[in-house]
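Notes to accompany the following structure.
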Amino acid sequence: MDSFVIFWGLSILLFISIIVGLIYLAYWLPKRLGKRKLGLWLSGILTVGLLTLIVATVFEDQFFFKSDAIEKLKEHNVELIDDFKILSNESGGFMDYFHQFRLTISPADKERLIDQIKSADNYEDEVQDMFDLRSGKIRYSDKDTSFTANYQDGSNYIYEYYKPNKQGYTPTWDRISISKTENKLNYERILD
């Protein structure tokens with residue numbers, strides 16, 4: 001564990017040093033050629049670009065909008081007709097990436113989505129408590145393969161999607177659940 005932290009700490013320090021060096025070089029080289037204002041502009045643009053990248057990465061969850069939720073749900077033919085509210089949004093992970101958001105949806109959308117899950121060809125009324133669509137499935141595939149499951153458990157109606165990707169790329173696992181008792185939709189994506 002210590003060598004892992006040291007390696008990534010030194011890698012990050014090296015990356016920061018290279019970026020700072022490039023920004024300084026963008027100022028120093030034009031200044032040396034007698035174009036001080038050009039150097040200030042170039043280093044300023046690079047600095048603003050770097051700060052924008054850092055802010056966008058650190059505050060990624062705050063830049064999640066309704067249009068982003070609609071786009072993620074459309075990947076699975078889930079459409080919300082009525083207005084909805086974003087309750088929470090979280091994402092992160094270094095080696096294993098996850099993204100999860102919760103929405104409050106209208107009763108009409110809830111019923112329509114439950115009907116969509118229940119009318120699917122592979123719908124299961126009762127599944128095991130620890131059901132996992134990924135178990136027993138291949139992890140990598142060069143073919144365009146995907147697996148889906150539609151079922152209900154004690155508290156949710158659930159749609160799951162699993163797609164093995166090519167060697168070197170993590171598989172995609174998405175889960176959309178609709179609460180039986182509340183007008184809530186939960187979306188989870190895990191890339192591990």
Side-chain angles (χ1 to χ4, degrees), residues 52-53 55-192:
T52 302
L53 181 65
V55 167
T57 303
V58 171
F59 298 104
E60 177 183 5
D61 292 338
Q62 282 72 28
F63 294 120
F64 185 78
F65 301 105
K66 287 183 177 183
S67 59
D68 299 319
I70 289 169
E71 184 179 317
K72 292 286 186 194
L73 294 172
K74 269 190 182 175
E75 292 176 12
H76 302 290
N77 298 320
V78 173
E79 186 179 354
L80 298 175
I81 296 172
D82 300 329
D83 193 30
F84 60 90
K85 180 180 176 187
I86 299 173
L87 297 175
S88 66
N89 178 57
E90 297 177 58
S91 63
F94 187 66
M95 299 297 278
D96 299 332
Y97 175 79
F98 79 94
H99 183 202
Q100 178 179 14
F101 60 84
R102 290 179 51 89
L103 308 175
T104 298
I105 59 176
S106 71
D109 277 342
K110 174 184 174 179
E111 288 306 314
R112 194 175 42 73
L113 294 175
I114 289 172
D115 289 342
Q116 183 177 338
I117 289 171
K118 289 170 84 174
S119 64
D121 293 339
N122 62 353
Y123 175 73
E124 293 288 328
D125 203 27
E126 293 184 29
V127 296
Q128 302 170 11
D129 287 341
M130 299 302 288
F131 177 77
D132 188 356
L133 177 62
R134 300 170 292 179
S135 65
K137 306 288 189 292
I138 56 176
R139 187 164 169 79
Y140 302 107
S141 175
D142 289 330
K143 298 177 184 175
D144 190 20
T145 307
S146 62
F147 305 94
T148 61
N150 290 278
Y151 61 93
Q152 69 172 302
D153 63 12
S155 55
N156 296 297
Y157 288 93
I158 301 167
Y159 165 83
E160 282 192 42
Y161 171 86
Y162 176 71
K163 180 177 181 6
N165 293 314
K166 293 181 180 180
Q167 188 75 29
Y169 295 92
T170 56
T172 303
W173 177 62
D174 293 345
R175 181 178 174 179
I176 299 170
S177 55
I178 313 294
S179 173
K180 289 181 177 180
T181 58
E182 300 177 301
N183 294 331
K184 305 258 192 283
L185 180 145
N186 189 45
Y187 171 93
E188 299 170 84
R189 169 168 282 180
I190 298 175
L191 303 173
D192 67 352

Requested in this report: May I have the step-by-step check of side chain to side chain contact (heavy atoms under 4.5 Å, CB included) for I70 and L80, ending in yes or no?
Outcome: CA-CA 7 Å; I70 289 169; L80 298 175; 5.6 Å; no
Query raised in the report: With distance as the sole test, does N122 use its side chain to make a donor-acceptor pair with the main-chain N or O of T148 at under 3.5 Å?
Result: yes
**Report entry** Side-chain donor/acceptor of D109 to backbone N/O of I81, under 3.5 Å
**Finding:** yes
Point-to-point distance, once rounded to the nearest 0.5 Å, from [atom1] of [X] to [atom2] of [Y]:
X    : Y    : atom1 : atom2 : result
E111 : N183 : CD    : CG    : 8.5 Å
N89  : R102 : CG    : CZ    : 12.5 Å
R189 : Q100 : CZ    : CD    : 13.5 Å
E188 : E90  : CD    : CD    : 10.5 Å
I114 : N150 : CD1   : CG    : 12.5 Å

Query - Partner residues of Y162 under the ring pair (Phe, Tyr, Trp, His ring centres under 6.0 Å) criterion, sequence neighbours left out - result: none
Query raised in the report: Under the ring pair (Phe, Tyr, Trp, His ring centres under 6.0 Å) test, which residues partner Y157, sequence neighbours left out?
Result: none
In the structure I gave you, are the side-chain heavy atoms of [X] and [Y] within less than 4.5 Å of one another anywhere?
X    : Y    : answer
T172 : L191 : yes
I190 : R175 : no
F64  : I86  : yes
F147 : E160 : no
F84  : K66  : yes
L73  : L185 : yes
E79  : L113 : no

Requested in this report: Just say parallel, tilted or perpendicular for the rings of H99 and Y97, cut-offs at 30° and 60°.
Outcome: tilted
Query raised in the report: Is the number of heavy atoms from other residues, nucleotides or ligands under 6.0 Å of K180 NZ greater than 12?
Result: yes
Taking every non-hydrogen atom, the tightest pair across [X] and [Y]:
X    : Y    : value
S179 : N156 : CA-OD1, 3.2 Å
P164 : P171 : CA-CB, 4.2 Å
I176 : Y187 : CG1-CD1, 3.8 Å
K110 : E182 : NZ-O, 3.2 Å

Under a 4.0 Å threshold between the charged nitrogen and the carboxylate oxygen, would [Y] count as salt-bridged to [X]?
X    : Y    : value
D174 : K72  : no
K163 : E75  : no
K118 : D115 : no

Requested in this report: Please assess L103 against K184 for the test side chain to side chain contact (heavy atoms under 4.5 Å, CB included), listing each intermediate value before the final yes or no.
Outcome: CA-CA 6 Å; L103 308 175; K184 305 258 192 283; over 6 Å; no
Report summary line: Hits for salt bridge (Lys or Arg N to Asp or Glu O under 4.0 Å) against D125, two or more places apart or cross-chain, chain-then-number order -> none
